[in-house]
Amino acid sequence: MRKYKNIVILTGAGISAESGLSTFRAENGLWNNHRVEDVATYEAFIRNPEYVHAFYNEMKPELYRAKPNSAHLALSRLQQEYDTAKVDIITQNIDTLHEKAGSRNIYHIHGVINQAVCLNCYRIMESWGDVDTQTICPHCQISGMMKPNIVFFGEDLLEMDKVDGILRRCDLFLSVGTSGVVFPAAAFVQTAKYYGAETVEFNLETTSNNFYFDHHIQGKAGTTLPAFVDELLQN
Ligand code: BV8
């Protein structure tokens with residue numbers, strides 16, 4: 001393995017599976033118990049904000065208690081010990097397990113569970129408690145305008161101004177635990193590859209994106225990622 005200068009890791013729900021959190025598209029996944037159109041689209045939120053708030057409020061206690069697993073910890077170790085490269089984490093996950101593992105340079109492109117945004121003043125409120133249509137914005141004091149700071153289908157992603165540059169500069173792109181079906185995150189590997197990065201996919205199975213990856217490491221990320229980080233750190 002060569003020395004890298006800019007390492008980018010894209011993570012999806014699969015990296016949090018061994019922390020006990022449901023993924024989206026598995027048998028007992030999050031989307032199996034709810035129609036995406038009813039909970040994760042902007043229209044759904046406008047149509048029935050109470051229902052969408054309740055969906056995310058119900059998720060908060062489990063995500064609050066969740067603990068990072070060896071895959072999250074391996075990325076934090078890579079950031080701390082790999083001294084010749086900048087290591088950025090772009091996550092589709094709304095959990096805070098990368099933060100709990102001690103990582104930094106984390107870009108939550110689909111938002112994060114313990115934040116809400118005021119649709120009146122567009123400032124962010126942090127809360128692990130329930131947020132709903134009665135919640136008063138702590139900044140502009142207007143009530144009824146809080147939305148989960150979560151990117152619904154049909155909404156633009158967060159942090160893309162920074163993410164685009166990171167993808168163009170990277171020389172190693174790792175994709176961990178994502179089915180690669182949601183865009184534009186699913187196309188990040190194409191950008192990285194176009195600009196010359198080596199690309200590696202970590203998943204239980206081959207995904208629809210596999211054509212764009214130079215290497216596939218099959219297995220549970222909690223096992224495969226720490227081993228890969230060990231190899232990177234030995235070089
Ligand atoms: C956008 C909400 C520009 C937060 C999510 C029509 C109109 C508008 C847009 C579109 C349209 N048609 C298509 C689009 C684009 C759309 C899209 O991609 N749709 C798909 C379904 C075709 N994208 C968007 O709308 C995005 N915005 O394009 O804006 C725009 C604006 C207006 C008009 C046009 C364009 C917004 C996308 C974000 C949506 N929000 N969720 C939440 O509740 O979390 S997406 C949802 O899927 C989650 O955020 C999740 O992160 C994401 C991806 O899922 P994965 O993380 O990959 O999870 P999944 O369960 O699928 O897979 C887990 C994987 O892990 C599996 O492969 C499994 O094998 C593996 N695994 C499991 N265990 C392990 C493991 N691997 C390793 N180890 C293990 N132990």
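For ligands, and for the atoms within them, numbers begin at 1 and follow the listed sequence.
- Of the options F24, F183, F152, F55, the smallest heavy-atom separation from atom 23 (N) of ligand 1 is shown by F183.
- With ligand atoms numbered from 1 in the order given, ligand 1 contributes 63 (C), 64 (C), 65 (O), 76 (N) to contacts under 4.0 Å with heavy atoms of G177.
- Nearest residue to atom 21 (C) of ligand 1 from F153, F202, Y42 is F153 (criterion: closest heavy atom).
- A side-chain hydrogen bond (donor to acceptor under 3.5 Å, both in side chains) with S103 holds for exactly one of H72, H98, Q79, R77; it is Q79.
- One finds no salt bridge joining K60 and D130 here, because no Lys/Arg side-chain nitrogen approaches an Asp/Glu carboxylate oxygen to under 4.0 Å.
- No side-chain heavy atom of T135 sits less than 4.5 Å from a side-chain heavy atom of H53.
- Here A17 has side-chain heavy atoms under 4.0 Å from ligand 1, and that is the only part of it that gets that close.
- Among the atoms of T207, none of the N or O lies under 3.5 angstrom from an N or O of ligand 1.
- The E155 neighbourhood of ligand 1 comprises atoms 1 (C), 26 (C), 27 (N), 29 (O), 36 (C), with distances under 4.0 Å to a heavy atom of that residue.
- Ligand-side atoms of ligand 1 in range of L157: 26 (C), 27 (N), 36 (C), range being under 4.0 angstrom from any heavy atom.
- Of the residues listed (N209, N210, T207), the one engaging E201 in a side-chain hydrogen bond (donor to acceptor under 3.5 Å, both in side chains) is T207, and it is the only one.
- Ligand 1 lies less than 4.0 angstrom from a heavy atom belonging to G219.
- Applying ring pair (Phe, Tyr, Trp, His ring centres under 6.0 Å) to F202 and the options F228, F213, F173 leaves one that passes, F228.
- In this structure, a donor-acceptor pair under 3.5 Å is present between the side chains of N149 and Q115.
- Close N/O approach between V151 and ligand 1 is found [any backbone or side-chain N/O within under 3.5 Å].
- Ligand-side atoms of ligand 1 in range of V182: 18 (O), 37 (C), 47 (O), 52 (C), 53 (C), range being under 4.0 angstrom from any heavy atom.
- Between the side chain of S16 and the backbone N or O of S19, no donor-acceptor pair lies under 3.5 Å.
- Heavy atoms of V181 found under 4.0 angstrom from ligand 1 belong exclusively to the backbone.
- Under 4.0 angstrom from ligand 1, the non-hydrogen atoms of T23 come from both its backbone and its side chain.
- In summary, the atoms of ligand 1 found under 4.0 Å from a heavy atom of E205, numbered by their order in the structure, are 69 (O).
- Taking any N or O of K220, backbone or side chain, none lies under 3.5 Å from an N or O belonging to ligand 1.
- Nearest-heavy-atom check against atom 66 (C) of ligand 1 across N203, N69, D156 picks out N203.
- Atom NZ of K220 sits in a sparse spot, with 12 or fewer heavy atoms from other residues, nucleotides or ligands closer than 6.0 Å.
- Heavy-atom contacts of G12 reach the following atoms of ligand 1: 56 (O) (cutoff under 4.0 Å).
- Contacts of E18 with ligand 1, taken as heavy-atom pairs under 4.0 Å, involve the side chain alone.
- When heavy-atom distances to ligand 1 are checked against a 4.0 Å cut-off, I150 comes that close only through its side chain, counted from C-beta outward.
- By the criterion of a heavy-atom distance under 4.0 Å, the side chain of Y56, and not its backbone, is placed next to ligand 1.
- Applying the salt bridge (Lys or Arg N to Asp or Glu O under 4.0 Å) test to K3 and every residue at least two apart in sequence or in another chain returns nothing.
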